[in-house]
Undergrad: 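Questions regarding the structure given below will be posed in turn.
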Amino acid sequence: MKGHFFVFEGIDGCGKTTQINELKNWLPKSGLMPKGTNLHITREPGGTSLGDELRELLLHPPADTSPEPITELLMYAADRAQHVSEIIKPALQKGDWVISDRFSGSTIAYQGYGRGLNMQLIHQLEVIATQEVVPDITFWLDISVQKSYTRREETIQDRIEAEGADFLRRVSKGFEETAKVRNWIRVSAEFKKDLIHKNIQETLFKYLTITKK
Ligand code: TMP
């Protein structure tokens with residue numbers, strides 16, 4: 001595919017959204033993007049109208065019900081399939097660049113390590129949902145579970161965040177192990193936001209000058 005696809009992963013409160021916003025301002029002015037290339041900022045769950053509805057159901061389900069772990073897994077996969085088909089793939093085929101706040105690594109970490117669901121099933125669903133779209137770079141913003149809580153000032157925003165520290169520790173381990181296996185770029189998210197942004201800029205600059213696009 002002609003474009004570039006960059007993904008940000010990490011536990012809740014790691015600062016992905018802040019760093020994506022920094023890139024949204026910097027990349028178009030960086031001179032790295034060829035003329036006429038658009039930058040799409042998107043997220044999972046969400047990124048499409050259908051995905052936004054799924055996001056709401058996943059994070060704030062109706063009071064009298066809660067998705068079973070397997071249902072949750074299938075909903076994240078459905079969200080991803082729609083997101084890839086409707087947004088990511090068409091953009092990359094045009095040569096545009098896409099930055100996504102979370103992608104399939106989150107399912108491995110949260111549903112695989114966090115919920116303990118079957119990893120083989122998770123990988124099968126990943127193949128189906130991602131439709132051969134693979135990120136050029138995945139940035140893993142590494143932050144301790146303790147710091148994640150402090151950053152979020154102990155406020156629980158949604159059903160997944162309400163799972164508690166043991167769940168989040170398993171998820172964090174999931175990111176750490178997946179980062180090794182998949183050659184993700186680990187960025188310590190415990191520094192000041194400007195320094196984190198600088199680290200990300202440097203990685204992108206190196207990657208993009210080597211690939212000459
Ligand atoms: P966000 O708060 O980073 O937007 O993500 C929403 C929540 O959804 C977050 O707690 C992580 C969770 N999640 C999963 O459990 N599995 C997934 O595949 C994705 C994309 C997100």
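Just so you know, ligand 1 is whichever comes first in the structure, and atom 1 is the first atom listed for that ligand.
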Undergrad: What does the 4.0 Å heavy-atom contact list look like for ligand 1?
TA: Asp12, Lys16, Glu44, Pro45, Arg55, Leu59, Tyr76, Arg80, Arg102, Ser106, Thr107, Tyr110, Gln111, Ile160

Undergrad: Does this structure show an ion pair linking Asp194 with Lys192, if we count only N-O contacts that are shorter than 4.0 Å?
TA: no

Undergrad: Apply salt bridge (Lys or Arg N to Asp or Glu O under 4.0 Å) to Arg170 and list each qualifying residue two or more places apart in sequence or on a separate chain.
TA: none

Undergrad: Test of understanding: with salt bridge (Lys or Arg N to Asp or Glu O under 4.0 Å), list the residues that count as partners of Asp101, not counting sequence neighbours.
TA: Lys16

Undergrad: Taking Glu202 first and then Lys206, would you say they form a salt bridge - that is, a charged N and a carboxylate O separated by under 4.0 Å?
TA: no

Undergrad: Any salt bridge (Lys or Arg N to Asp or Glu O under 4.0 Å) pairs touching residues 120-136, not counting sequence neighbours?
TA: Glu126-Arg182

Undergrad: Taking NZ, NE, NH1 and NH2 as the nitrogens, is one of them in Asp52 or Arg55 under 4.0 Å from a carboxylate oxygen of the other?
TA: no

